[in-house]
Amino acid sequence: MSSPGGQDGPVSGFGESAHASGPGKEAKARRLGQVFTPDPVADLMASLCIDDPDAEVFDPCIGEGALLLAAGRRLAALGNAEWHRQVWGLEVDPEALAVGRRRVAEAAGVEPEAIRVTRGDFLDLPPPSLGMPEGRLLDLELGGPAGESALCDVALMNPPYTRQERLALETKARGGALSRRAGLHAHFWMHLARFVRPGGWLGAITPSTWLSAEYGRELRAFLLKHFRIHFVIGFERDVFPDATVEACVTILEKRAGCTDAGAPPPVRFLSLSAGAEWLAAASEAAGRECDGEGPGYRLRVVPQAELVAEEGWNRWFLHPSTARAVRAIRSASAGRVPLEAAARIRRGLTTGNNRVFFLDAAQAARQGIEERYLRRVVRSPREIIGLDTESVAQPGLVLFPPGPDEGGSRAAEYLREQGVVTSAYLPTTPPEPAPLLFGYAVRARKAFFRNSAGLLASDNFFEVIPRRPEETSVLFALLNSVVAALHLEAHGRGQGRGLLKIQRYELAGLQLPDPARMDPVARRELEALGEELRQHPEEEGIRAALDYLVARLLGLDAVELRRAERELASARRVKSLSRGAVVKGREVEWTASPARPGQAERDAFHPAGEAIWGSGALRGAR
Ligand SMILES: C[S@@+](CC[C@H](N)C(=O)[O-])C[C@H]1O[C@@H](n2cnc3c(N)ncnc32)[C@H](O)[C@@H]1O
C-alpha cells in the first residue's frame, strides 16, 4: 500500500489532472458547480480537522477527489497506511466520481473498487440511514436519532458553486430556518452537520458571502448554536483558478449537545498571505491567544460569545485600525442618517431579454419603432466617462412593450418578429429617470453619477432618487466622499478577482451627514465641491477637500477614514492579481491574472453564493 505523500512530500500530482478541459466539460462544470479545491487549501483543511489516524472522513461531493486525497495525505502522515478504508464520499456526477475514485485508488495503491465512494445526490441522503442510490450500503455504523449518530468523525466539503435557484423547493423547505436566498452551500452545510458525530469536525471551503450577507444570518446562528468555531480563514489572493469567487475556509467542532459545558475556544479569524507556508502559519496561529501577525498571516482572536448572528463577521478580518474607522462612522453622533432616509433606491431596468429590448438608435430607426415606446438608457457604468451621464457618447434605447390594444404599432410588429410578446419585467409606462446612479458592481471606482442627461439605467445600476429634490447636489457630494467609499468597501461583498458587489440593503444603510439638518454654509460648501468634482473627477485636491469636509461634519478624522478606505480597496485589488493557488513542486504559487475582465463578467452578476465562471465569462469578455 503506498502513502499519498504526507505533509513533507509533494502535495499534488496524483493520477490525472483534476482540471481537464473541453466545452462539454465546461458546461457540465457550470451546471454542477464544479470548482475543485486546490491541494494547498485541501491540505490545510485536512490538517486542521484530522488529528486521529483512525478518523472516518466523509466528503458529500467528492468531485475529482481533492479533499479525500488531502485526508489521505493527512491520515498517512499520522501513521495510517491503510487510510483508504477511512475515507468515503458521494458525488452526483458519474464522470467526476470515476476520476475521483481512480485518483484516490491510485494514491492509495489499491483497486478502484476498494474506494468507498458512490453516486448520489447528497441533499437527498437522509441522515443517518444510508439507502444508497447504487444499492450499495456503506459499512458505517449508523443509528440513533439524528444529531447523535456517530456517522463520521470528520466531514470535509467544498459544496457546488451553482445558483441556489436550482434547488428544488422541497429541498429549500428542508433547509428549515435558512433564508430563501441562502446560497446552495448553506443547504449543504446544514445538511452535512447532521452527518458529523458530536465532538467531530467539519471543514468547509465556501464562498465567503455568508460572513456578511443578510442571507447568512441563519447560517451564522446555526453555526454558533451547534459548533465551536475554531477558524475562519480568509486568503489574501483568490484561491480558485477556475471561478471568480471569494472563498473562506471554516473549521468547526460539533458540540456534544446544545448545552455542552465550558466556554468554547476563541474563534481565530486568520488571513493568510499569498506565498506563505499556510500549514505552518495556521499551526502557529492556533497557539496564539490574542491578536497578532506572523510570517504569512494576520490573526484576530475573538471569543465566540462575542459573535452574533445579526452582524456580519467579515469585519473581524479587518485590521484593527481599519475596523475602528468603519465603526467610527456608525457611532458618529453628529446628525447622520442612513441613505434610505434621504433617498429612495431603485434597481435599474431588467428586461428579461436584453437582445430584444435594448436597441441602438440606428436599429430603432431601421425598424421604424415609434419614439413613444423608446427611452434613452445607460447600460453600464463603463459608458460614463467621469461622474456625469452627460458624457455617455451614444446612449442606447430601451423599448417599452406596447399595450395589448397597440398591436398595430411598429414596436409590436418588431416584437412579434423577434418571437416575443412582451416583457415580464418592463413596466408599460416608462419610469422617470433618477437624478443619481450607482453601478453596484465595483472594480476600480466607487462612483455615484449625476444623471444630467436624464437617462434610464439598466439593472447594472441602482437608481438613487432624493426624497427632497433640492438635496440632489448635496447627496451627490456626500455619496462621492470617503465616508461612502469606506462604507461600501467594508460592507460590500467581495466576489473574487477584486470585484465588490453592493446589495440594495447595504446601500440603503450607508450612513451620511443628514442634509436636512446641515447648516447652510456647510451645505453650500458641499454643493460647490460636488460641482467641482463633477467637472474634474480626477482631481485629487478636490476629492481630499470633500473628504475632509464630510469627515468634519461627522466629527471624524478624514486621514483615518482615507487610510482605511485605501487599505481595503488595495487588499481587494490584490486578489485580482491571481487566478488561484496552484502547486509547483512544494511551493504554493499563484497563476497569472487574466486580462482585465470586461463587460460580460461585470454584467454576469449572480446571486448569493454563485461563482462567476472563469473561463467562459472571461472568454466572452475579451
Ligand atoms: C465544488 S465541487 C468540489 C469537489 C471536491 N470536493 C473538491 O473539493 O474538489 C462540488 C462537487 O459537487 C458535485 N455535486 C453537485 N451537486 C451535488 C449533489 N447534490 N450531491 C452530491 N454532489 C454534488 C459536483 O458535481 C462537484 O463535483
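Throughout, numbering of the chain's residues begins at 1 and tracks the sequence. Remember, it's 1-based here, ligands and their atoms both numbered in the order they're listed.
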Taking the basic N atoms (NZ, or NE/NH1/NH2) and the acidic carboxylate oxygens, is any pair closer than 4.0 Å for Arg116 and Glu56?
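Salt bridge present between Arg116 and Glu56.
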Hey, is Glu489 close enough to Arg572 for a salt bridge, meaning N to O under 4.0 Å?
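Salt bridge: yes.
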Could you go through the side chain to side chain donor-acceptor pair (under 3.5 Å) check for Arg268 and Tyr297 one step at a time?
CA-CA 12 Å; Arg268 291 182 166 79; Tyr297 74 90; over 6 Å; no
Does any non-hydrogen side-chain atom of Phe231 lie less than 4.5 Å from one of Phe269?
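Side chain of Phe269 against side chain of Phe231, heavy atoms only: no contact under 4.5 Å found.
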Is there a side-chain contact between Ile233 and Thr250 in this structure, where contact means two heavy atoms from C-beta onward sitting under 4.5 Å apart?
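A side-chain contact under 4.5 Å is absent here.
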Which residues satisfy the side-chain contact (heavy atoms from CB on, under 4.5 Å) test with Leu78, sequence neighbours excluded?
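In terms of side-chain contact (heavy atoms from CB on, under 4.5 Å), with neighbours along the sequence ignored, Leu78 is linked to Ile50, Pro53, Arg74.
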For ligand 1, what are the residues with a heavy-atom contact below 4.0 Å?
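Contacting ligand 1 under 4.0 Å are Leu32, Gly33, Gln34, Val35, Phe36, Thr37, Asp59, Pro60, Cys61, Ile62, Gly63, Ala66, Leu67, Glu91, Val92, Asp93, Gly120, Asp121, Phe122, Asn158, Pro159, Pro160, Tyr161, Phe188.
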